[in-house]
Amino acid sequence: MLPFAIDRSCVVAAHPGERVRVRSLDLGETVEVAADGSTDTSGVEPAWGRYVAAVVSELAALGRPASGMDALLASDVPLGSGLSSSAALEVAIAIALAAAAEWMPSAAELAAACRAAEERATGVPGGIMDQLTSVCGRSGDALLIDCRTLEIVPVPLSENIAVLAVHSGVSRTLAGSAYAERRRACEALARELGVPALRDAHEAQVSDNPLGRHVVSENRRVLESAEALADDDGAQLGELLLESHASLRDDFAVSTPELDVLVAELVDAGALGARLTGAGFGGCVVAVCDPEPADAIAEAATARYRERTGREPTVFRCRAVAGAGPIPPLDG
Ligand code: ADP
Ligand code: MG
């Protein structure tokens, strides 16, 4: 995969306490769970507290001492848009909990625990991209990540390429169940082909299976996209994004008419390319453009999109920034 950490963040401020108490300033609600991870995640209310409870439990399983904290959190990651506010929340809470216990796992362990917490909290067997990116992001770089080894190769994101995330104004209601379904189908196909995972199949082996075709060709496109980025070749990157979108739409079947219109209007307005991002079925598309006309392209495309669909899109221009970590205390 080839993600980067965007310039939005979830911030947690905490002091030691008996239990783990977290107030979300964004929602005006507080949750409280046992510091040793023994609170049953599924019973926690309000529901966002399940992410907190799940992180506490996963870190306890990793060996975190049962230190409590009294915490406030505030986030400027839009909730439920496909920009991973949930991973931002998990990672920020995990880092605060680790600091409270003066105990710190490795970056990979931290990300894996947060991924497991997301699955525990939601029941969706998601991958590690969001959490690993949130932990390991690097200023100015995209991250080429091999999910099998979790090896990360930074790829500079050139100043000559602007990246936009554009929310379609449609929430991703089916995304969780469809994701689990696609994942099961891919695992079944890999078993049928006798390979550990579909990435190990050749294009010829999957040429008559749309799911397999998507996965195998997408893995190739990710590597080619990293090369295009390294070569500062925005036009090539844009082409690859468009091929990826077509594959997600036609072979993997996770697009929607709105996402298709949004991609088409972005390209029509001058973007070099765009594709849906996240699990599909609503949420965001990601587009690349030349930096100078990027804002005008976004404005023209979203105006046309609004006209054609009646939906209200939102544009986020994103920079690659460093991942999450403790914030040094202010002087004085
Ligand atoms: P995404 O991760 O794309 O934003 P998700 O549906 O995975 O969408 O996660 C959104 C959920 O994460 C919210 O519904 C809420 O439960 C939780 N969440 C994220 N940020 C906050 C926050 N600042 N305060 C409370 N809950 C939050
Ligand atoms: Mg999420």
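As the structure is a computational prediction, the values presented were derived from the model and not from experiment. Both ligands and their constituent atoms are indexed starting at 1 by order of listing. Count residues from 1 along the sequence.
Contacts between L83 and ligand 1, counted as non-hydrogen atom pairs separated by less than 4.0 Å, involve the backbone only. If you look at A88 next to ligand 1, there are no close heavy atoms at all, none under 4.0 Å.
Legend: salt bridge (charged side-chain N to carboxylate O under 4.0 Å, His left out) pairs involving residues 109-128, not counting sequence neighbours, sorted by first then second residue: E58-R120, R115-E119.
The line from CD of E102 to OG of S67 is 8.0 Å long, rounded to the nearest 0.5 Å.
Looking only at protein heavy atoms, the nearest one to atom 7 (O) of ligand 1 is S86 OG, 3.1 Å. Protein heavy atom at the shortest distance from atom 14 (O) of ligand 1 is L79 CD2, 4.7 Å. In this structure, atom 16 (O) of ligand 1 lies nearest to the protein heavy atom W48 CB, 3.1 Å. Annotation: atom 23 (N) of ligand 1 to nearest protein heavy atom, D26 OD2, 2.8 Å. Among protein heavy atoms, the minimum distance from atom 24 (N) of ligand 1 is reached at S24 OG, 2.8 Å. Closest to atom 19 (C) of ligand 1 among all protein heavy atoms lies S85 OG, 3.2 Å.
Salt bridge annotation for R221-E218: present, with a cationic side-chain nitrogen under 4.0 angstrom from a carboxylate oxygen.
Heavy atoms of R172 come nearer than 4.0 angstrom to ligand 1 in at least one pair.
The distance from ligand 1 to the heavy atoms of S75 drops below 4.0 Å at these ligand atoms: 23 (N).
In this structure, M69 is a member of the same hydrophobic cluster as Y51, with clusters built from ILVMFWY side-chain heavy atoms closer than 4.5 Å.
Among the atoms of S86, an N, O or S atom falls under 2.8 Å from the Mg ion (ligand 2).
Among L89, I93, T277, L25, the residue whose heavy atom lies closest to atom 18 (N) of ligand 1 is L89.
Minimum heavy-atom separation, L59 to A113: CD2-CB, 3.9 Å.
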